[in-house]
Enquirer: 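To start, I am sharing the structure in question, which I have written as structure tokens.
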2 protein chains.
Amino acid sequence: MDVAADDLVAALRAEGLRITAARRAICEVLADRHHDHLDASSLRVHAEEIAGRAIDPSTVYRAIDTLQAVGLVRHVHLGGGAAVLHLADDDGHHHMTCERCGRTVDVPATELLGALEPVALSHGFVAVTVHFAVVGLCADCATVRGAPS
Amino acid sequence: MDVAADDLVAALRAEGLRITAARRAICEVLADRHHDHLDASSLRVHAEEIAGRAIDPSTVYRAIDTLQAVGLVRHVHLGGGAAVLHLADDDGHHHMTCERCGRTVDVPATELLGALEPVALSHGFVAVTVHFAVVGLCADCATVRGAPS
DNA sequence: GTCAATGCAAACTTTTTGCAACTCC
DNA sequence: GGAGTTGCAAAAAGTTTGCATTGAC
């Protein structure tokens, strides 16, 4: 059991922020399904299920902003599309996406950053956070040859 | 002199595609300024200058699609914003972007991929194309401490 | 002349913002 | 009660699509 929704709620409360039904539902979804590579719209769908009523998209985005400002959540771009959310607590991994089939695997941050840091340093970059997915071809797709899109 | 606009035009013609004023202008911009990290809208601005008349955004996107389908051009995502275009011929570098100041530097592909490939292989990925920028903090921004956005 | 390519307008997706109404503490 | 949150509506940016017209070959 990683982070419980209650931990997120408690962290918000500790910041003097108010706990509303929408925020609680969003925290629960993030706590329960943050491994599902949730974007804002699927986060909203699940949060609405939990809350039992509609939650406006702007409310979801504002909640995400708040959670990011407090440092509980981060977002990454896996593709041209929507940003994907994950808990800052779960920051120990990054993403590698197959450009053919879209499969996304998690790569431990230490591995990826360990490889990237020397390269970054030699180009005047101090910290590498890998805000995006690393894109490539998974073994399955690579065997089915053809020009990747 | 890397790739001349004429090479791009010739490649299109070789595919049986028609050479219009818009496409020729777009090819010229790509050939001349592909190091400028052009996105679709700045590509359009420059192409309109060369063509001496308006070019519709949809025409620009369709031209980009065509050039990508033929394999002459690729796009990468440097940030949440617009995709950046570069010539497939110029594929020998990737991008590292500072998440604080937005500065983007080119990193030779061999360096980056050399570092990334062992990591990718150990996770079942065969080819790594780095469709996105690697995000981090440049030395200047890193000295001015504070929480990155 | 034919078919590809364009322009125009409209729609789409993701995200942001202004503002009045609401509700958590 | 008052500030923080919300919903609604509108808008922004980036991109895609339908369709009639244009133009390359």
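Lettering follows sequence order; numbering is per chain, from 1.
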Enquirer: Students often get this wrong, so: under 4.0 angstrom with heavy atoms, is A:A83 touching a base, only sugar-phosphate, or nothing?
Expert: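 If one applies the 4.0 Å heavy-atom cut-off, A:A83 turns out to touch the sugar-phosphate alone, with no base involved.
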
Enquirer: If I take atom NE2 from residue A:H77 and atom CG from residue A:D39, how far apart are they, to the nearest 0.5 angstrom?
Expert: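 So the NE2 of A:H77 and the CG of A:D39 are separated by 12.0 Å.
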
Enquirer: Using atom CZ of A:R24 as one end and atom P of C:dT23 as the other, report the distance to the nearest whole Å.
Expert: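 Interatomic distance, CZ of A:R24 to P of C:dT23: 16 Å.
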
Enquirer: Among side-chain atoms of B:H37 and B:D106, is any donor-acceptor pair under 3.5 angstrom?
Expert: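 Yes - a donor-acceptor pair under 3.5 Å links their side chains.
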
Enquirer: Between C:dA5 atom P and B:I55 atom CD1, what is the distance in whole Å?
Expert: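 Going from CD1 in B:I55 over to P in C:dA5 covers 15 Å.
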
Enquirer: Would you mind reading off the distance between B:I64 atom CD1 and C:dA5 atom P, rounded to a whole angstrom?
Expert: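 After rounding, the gap between these two atoms is 15 Å.
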
Enquirer: Report the distance from atom CZ of A:R53 to atom C1' of C:dT23, rounded to the nearest whole Å.
Expert: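 So the CZ-C1' distance, A:R53 to C:dT23, works out to 11 Å.
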
Enquirer: Looking at D:dT16, I'd like to know if its phosphate oxygens (OP1 or OP2) sit under 4.0 Å from a side-chain N or O belonging to B:Y61.
Expert: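 No, because none of the side-chain N or O atoms of B:Y61 sits under 4.0 Å from OP1 or OP2 of D:dT16.
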
Enquirer: Sugar-phosphate means primed atoms, P, OP1 and OP2; the rest is base. With that split, encode nucleotides 20-25 of chain D 5' to 3' as B, S or - using protein heavy atoms under 4.0 Å.
Expert: ---BBS

Enquirer: Please list, by residue number, the residues of residues 39-51 of chain B whose heavy atoms come closer than 4.0 Å to an atom of DNA chain D; answer none if no residue qualifies.
Expert: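 Per residue number, the list reads B:A40.
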
Enquirer: May I have the distance from B:I26 (atom CD1) to C:dA5 (atom P), rounded to whole angstrom?
Expert: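 Value for this atom pair: 12 Å.
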
Enquirer: For nucleotides 8-10 of chain C, print each protein N/O atom paired with a nucleotide N/O atom at under 3.5 Å, atom names and distance only.
Expert:
from, atom 1, to, atom 2, distance (Å)
C:dC8, N4, B:S58, OG, 3.2
C:dC8, N4, B:R62, NH2, 3.4

Enquirer: Nearest whole Å is fine: how far is D:dG4 P from A:D65 CG?
Expert: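 After rounding, the gap between these two atoms is 16 Å.
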
Enquirer: Applying the side-chain contact (heavy atoms from CB on, under 4.5 Å) test to A:R23, which of A:V9, A:I55, A:T66 qualifies?
Expert: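 One option only clears the test, and that one is A:T66.
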
Enquirer: Which one, C:dT14, D:dT15, D:dG7, comes nearest to the side chain of B:A82?
Expert: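 Closest nucleotide to the B:A82 side chain: D:dT15.
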
Enquirer: Determine whether A:I50 and A:I26 make a side-chain contact, defined as any pair of heavy atoms from C-beta on separated by less than 4.5 Å.
Expert: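 Heavy-atom side-chain distance check fails, nothing below 4.5 Å.
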
Enquirer: Could you give me the CA-CA distance, side-chain angles and deciding distance for B:E48 and B:R44, then say whether salt bridge (Lys or Arg N to Asp or Glu O under 4.0 Å) is met?
Expert: CA-CA 6 Å; B:E48 288 182 332; B:R44 178 176 167 231; 3.4 Å; yes

Enquirer: Working to the nearest 0.5 Å, report the span between NE2 of A:H75 and CG of A:L38.
Expert: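 Here the interatomic distance stands at 14.5 Å.
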
Enquirer: Is there a path from B:L30 to B:I19 through hydrophobic residues (I, L, V, M, F, W, Y) whose side chains come within less than 4.5 Å of each other?
Expert: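 B:L30 clusters together with B:I19.
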
Enquirer: Over how many whole Å does the gap from A:E15 atom CD to C:dC25 atom C1' extend?
Expert: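 From A:E15 CD to C:dC25 C1': 16 Å.
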
Enquirer: Side chains of B:E111 and A:H123: is there a donor and an acceptor less than 3.5 Å apart?
Expert: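 A:H123 and B:E111 do have a side-chain donor-acceptor pair below 3.5 Å.
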
Enquirer: With a 4.5 Å heavy-atom cut-off, do B:V105 and A:F125 have their side chains touching?
Expert: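 Touching, per the 4.5 Å side-chain cut-off.
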
Enquirer: Nearest 0.5 Å please: distance from the NE2 atom of A:H46 over to the OG atom of A:S41.
Expert: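 It is 9.0 Å, given to the nearest 0.5 Å.
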
Enquirer: Answer with yes or no whether the hydrophobic clustering places B:Y61 together with B:L85; edges join I, L, V, M, F, W, Y residues whose side-chain heavy atoms lie under 4.5 Å apart.
Expert: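 The answer is no; the residues belong to distinct hydrophobic clusters.
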
